[in-house]
Amino acid sequence: MSIKLICGPMATISHPAFRILVEQFGGCDEYYNEMINAGSLLNAGPFERYYIDPTPVPEKIVWQLTGHDIEKMVPAARQLLELPGIGLDINMGCSAPDVYKTGAGIGWMTRPIEETRQMMSEVGNEVSFYNNEHPESQKRFSVKLRLGDEDFTDEGFYSFCDMLVENGAKLLTLHPRTKKEKLSRPPRYSYCQTLCERYKGTDVKIYLNGNVKDVSSAEYALKCCPDISGIMISRASVQKPWIFREISSEKNKEIKVDMEKVCYDYIKDIEQYQPKEFYKTRLQRFFTYFCMNFQFAHYAQTQFVNAAEKGIDELKGAIREYFEKCPDDKTKVIRT
Ligand SMILES: Cc1cc2nc3c(=O)[nH]c(=O)nc-3n(C[C@H](O)[C@H](O)[C@H](O)COP(=O)(O)O)c2cc1C
């Protein structure tokens, strides 16, 4: 597959330990970092340095910014631009109520458009200023968005995208669902293709996101949207950190994965790159997805999540016990 493959932003997942894991299997073209809250970044709390650690691929990181307050978004953007990486992304897709009710995430799509225009214009100016000052390291300005609220109209959605582009966005990643549509509902890929056609002949790129989980779903997405520049994969990359290799490698190749080693290595990297206070949530979230590979997925999830509640030694014990009981799960062979 010749288009770009992108590892999507996931709160509690998209951090160095996870990127190290994906890189072990060949990696992907870009890694979005988990969203960074503008206010928290500016307050420089004790955990912020962990959020802005670009390990192990500084050149492939996209920093995603979230927030509702323009006065904080602008200086926070300025800070993120100084970090290594591809560029800056604004989160306009998060539909968690505690996020959008403040006006952040998808709240930017539903609040008065003048406010969103102002934020885009001011943050866009920061990006232009940075790029003028640093001709050798050009940063990309992008937005990740959904379709909007349940009552969105095509006209309203496309003119919203035009506003983003007019204010400097060079890439739109569309997760084509509305605010309330659950991840189980099929995404409406046709909107991604229509966006590609809308900006054909310009330097604006479109990435597609949503429900790509293997080679055939990636091929299907590309068949629906032949003009996209990239496919972003989020959840399936946690279950299968080798998914980018699976999709991009030649047919009839074999990828052998030592599943038990992956578990211990991941725990080791969490200990190295995350503060103690984050161990539990990071490990529980990861293993909830990763255990879906196992024959007794639900059993493994329950055992691992409960053990992680108690501590890392307990989690390692639960992993050891699981593989003793289910030795067939120790090695996974993926055929492309
Ligand atoms: C645990 C989790 C955390 C997420 N955190 C973010 C985030 O920080 N920023 C964002 O734009 N999207 C976030 N998302 C949404 C995903 O990036 C993606 O848009 C969505 O899961 C659909 O893509 P998928 O089908 O490939 O998973 C998150 C999703 C999950 C499951």
Side-chain angles (χ1 to χ4, degrees), residues 4-15 17-19 22 28 30-38 40-41 50-52 61-68 80 87-100 104-109 142-148 164 169 171-189 191-192 206-218 220-222 224-225 228 230-241 243-244 246-247 278 281-292 301 305:
K4 283 193 174 168
L5 295 174
I6 301 103
C7 192
M10 285 172 284
T12 70
I13 295 280
S14 308
H15 46 60
F18 181 61
R19 290 191 285 268
V22 176
C28 61
E30 298 180 15
Y31 292 89
Y32 278 54
N33 200 57
E34 60 183 309
M35 56 184 168
I36 294 175
N37 181 278
S40 313
L41 181 68
Y50 295 98
Y51 283 99
I52 57 169
I61 303 288
V62 179
W63 301 104
Q64 194 190 58
L65 181 62
T66 183
H68 63 277
L80 294 179
L88 176 73
D89 186 76
I90 305 289
N91 179 327
M92 294 195 190
C94 185
S95 59
D98 55 333
V99 173
Y100 78 72
I106 199 170
W108 286 109
M109 297 189 77
S142 65
V143 174
K144 180 169 177 282
L145 74 166
R146 288 192 179 218
L147 292 170
L164 301 178
L171 163 72
L172 305 179
T173 301
L174 181 61
H175 172 205
R177 290 184 169 101
T178 62
K179 184 169 90 180
K180 286 206 184 125
E181 276 171 354
K182 298 258 179 297
L183 293 180
S184 50
R185 230 193 110 104
R188 307 185 213 184
Y189 289 156
Y191 283 92
C192 298
I206 306 299
Y207 288 171
L208 170 151
N209 168 238
N211 279 28
V212 175
K213 56 182 193 316
D214 49 25
V215 175
S216 63
S217 54
Y220 173 71
L222 203 51
C224 297
C225 307
I228 49 171
I231 295 180
M232 174 184 279
I233 302 176
S234 296
R235 290 166 298 163
S237 67
V238 196
Q239 183 192 342
K240 307 194 289 182
I243 190 166
F244 302 104
E246 193 181 327
I247 291 175
F278 288 7
T281 49
R282 267 63 182 154
L283 290 166
Q284 288 180 329
R285 184 61 67 86
F286 172 78
F287 280 110
T288 300
Y289 286 96
F290 193 70
C291 285
M292 286 156 78
Q301 276 167 346
V305 166

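In each ligand, atom 1 is the first atom listed, and ligand 1 is the first ligand listed. Keep in mind the model is a prediction, meaning the values are calculated, not measured.
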For ligand 1, find out whether one of its N or O atoms is nearer than 3.5 Å to an N or O atom of [X].
X      : value
Ser234 : yes
Glu34  : no
Arg177 : no
Arg285 : no
Tyr289 : no

message: Any heavy atom of Ile13 closer to ligand 1 than 4.0 angstrom?
response: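 The answer is no: ligand 1 sits nowhere under 4.0 Å from a heavy atom of Ile13.
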
If we only count heavy atoms from C-beta on, is the Thr178 to Met109 side-chain gap below 4.5 Å?
->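 A side-chain contact is absent here, since even the closest heavy-atom pair is not under 4.5 Å.
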
Item checked: Within-4.5 Å side-chain heavy-atom neighbours: Arg177 and Asn211 ->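 Side-chain contact under 4.5 Å: yes.
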
Salt bridge flag under 4.0 Å for residues Arg188 and Glu181
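Salt bridge present between Arg188 and Glu181.
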
* After noting the C-alpha distance and the side-chain angles of His15 and Phe278, does the key distance pass the side-chain contact (heavy atoms from CB on, under 4.5 Å) rule? -> CA-CA 11 Å; His15 46 60; Phe278 288 7; over 6 Å; no

Can you sort out which atoms of ligand 1 are near Asn211, meaning under 4.0 Å from one of its heavy atoms?
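Once the distances to Asn211 are compared, the set is 24 (P), 25 (O).
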
Legend entry - Residue Gly210 vicinity, atoms of ligand 1 by number, heavy atom under 4.0 Å: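 Close to Gly210: 23 (O), 25 (O).
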
